[in-house]
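Down below is the structure, laid out as C-alpha cells.
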Amino acid sequence: MSTRFCRAGFCLVPPNAMADIYIANTCTVTHVADRKARHWLRLSRRRNPQAIIVAVGCYVQRAPEELSPIADLVVDNRRKERLLEIVSDWLSSQQLLPHHEHDQLEATAGHNIARVRSLIKIQEGCRTPCSYCIVPRVRARESSCPASQVIEAIQERVAAGFREVVLTGTKVGCYREAGGGLEQLVERILRETDIERLRISSLQPQEISPQLLDLWQDDRLCHHFHMALQSGSEAVLQRMRRRYTLCQYQQAMDSIRQAIPDVAITTDIMVAFPGETDGEFEQSYQFCRQADFADIHVFPFSSRPGTVAAGMPDQVDDRIKASRTHRMLELSLCSRRDFEHRFVGQSMPVLWEKEMFSGSGLYSGLTGNYIRVFARSRTSLANCIVSAKLTGFWHQGMWGELTGENSG
Ligand code: SF4
C-alpha cells in the first residue's frame, strides 16, 4: 500500500506524525486487535481533525458498521487492492488535494527505519476453519502471488537496500502456483535473487518435509521456524479443529532440529480455550516445557462472534484465564532464556537495526535464529550484518561484543 501511494506522489510519514491521510490496515483476530484499531483511528482524528481517516482490512470485512462512525472511508478486503484509486476519488469528490507541507525529514527517517527487513506477502486466505478463528470468515478465498511477482518484489527490495525479506501470508505453507508450492518458490528466490537473508514467517507441522528442509543447506535461509501449536493437549487441539496431532507436531520439531541443529522453533499458544480443564491446561504446559521452544507467544482465548468456539459451553472464567496466561508467560520467558543460554560465548552474525537512541551508540539486531542482540559501536551498525560474540543476557535479549567485519 505504502509503495503504491509513494509512487503516486504521496509522502509517507511515521505512524504518529501529522498527516493528511491516516490509513489503518486493521486486524480482527482478537477483541484486543479490534480495540487497538478503534483507538488508533480515534487518535488519528484527534491528531488532525482535518485529516481523512481510512479503515481497511479484516475488521472492516467483519463489522464495517463498527468502524464507519469513526472513519471517513471503510474499505473491505475485496476493495483493498484499489485503495489508492478509492482514496484519490474521494479526494477529488471532496475537492481536497493532499498538501505536502509536513516535514519531509520525518518521512525520510520513516523510510530508513523500514529498510532493514521487509515483509512480502506471498499468500492470502484460509478455507480450513479452526473453531476459534475469524480469519476464514473475513479472508475465505485462498490465493497466491505469482512467483515472478515475488521475485520482482524481492529484487526491488534488494535494490532499495534491504538485507532481509520475510515471506508472509495467512498460511504461507499453502502457497500454490502453477509451477509448484512453497518449496519451488523458495528455490527460485535463492537462485534468482541476491537477498542476504530469507525468513519464512510461519509454517504448519504437516508442511515440514525432507525436501523443504533440504533448502536450509543454503545459509541465507534463517534458522528459525515459527509453528503455531495452540495447545499441548490432544483433546483441546481436536476441539480447536487443528489438523495435526501432538505426535505429528513433535515429529516435525524433531526433523527440523535434526536438519538444523542451532534452529529456533517458536510457537503460539492459546490458553483458556472453552472447556479447557485444569488437567488439559497442565498437559499443554508440560508439552511446551519439554518442547524447548525458543519463544512462546501466549494468547488468552478471545471469543470472536460467529465462530464455533464463541458458542461453545464452559467458557473459562476470566480469573482462571489470567492465571493460566501468567503461568504460560513465565514459561515463555524461561524457555527463551534457556535457548539463548546455549549460545553464550558463540559469535553469530547479527543484522543490526537503527541506533536505539540518537547519539547513544547502542544498537539492537537479530541473529538468523531470532536472538535479539544488543551492542555498542562507535560507527553506525544500522542495516549492517556484523558478527557479535554473545556474552550474556541483557534486557529482552543478549549482550554482544562485536567480532566481525562490517558488511554494510
Ligand atoms: S489455519 Fe486456523 S488459525 Fe490459521 S488462519 Fe486458518 S482458521 Fe485461522
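For ligands, and for the atoms within them, numbers begin at 1 and follow the listed sequence.
In summary, E280 and R324 do not engage in a salt bridge, as defined by a charged side-chain N under 4.0 Å from a carboxylate O. For the pair R220 and E196, the salt-bridge criterion is not met [side-chain N within less than 4.0 Å of a carboxylate O].
Between Y22 and W40, the two ring planes are perpendicular [angle over 60°; tilted spans 30° to 60°]. Classification of the F301-F273 ring pair by plane angle, with boundaries at 30° and 60°, yields perpendicular. Classified by interplanar angle (parallel below 30°, tilted 30° to 60°, perpendicular above 60°), the ring pair H226/H297 is parallel.
Every atom of ligand 1 with a heavy atom of C130 under 4.0 Å away is listed here by number and element: 1 (S), 2 (Fe), 3 (S), 7 (S). Residue contact check: T170 has heavy atoms under 4.0 Å from atoms 5 (S) of ligand 1. Heavy-atom contacts of K171 reach the following atoms of ligand 1: 1 (S) (cutoff under 4.0 Å).
For C126, every N, O or S atom stays at 2.8 Å or more from atom 8 (Fe) of ligand 1.
Taking the ring axis of Y285 as reference, the NZ or CZ atom of R327 stays within 45° of it and closer than 6.0 Å to the ring centre.
In P136, the part holding a heavy atom less than 4.0 Å from any atom of ligand 1 is the side chain.
Residue contact check for ligand 1: R242 places a non-hydrogen atom closer than 4.0 Å to it.
Of all protein heavy atoms, the one closest to atom 8 (Fe) of ligand 1 is C133 SG, 2.4 Å.
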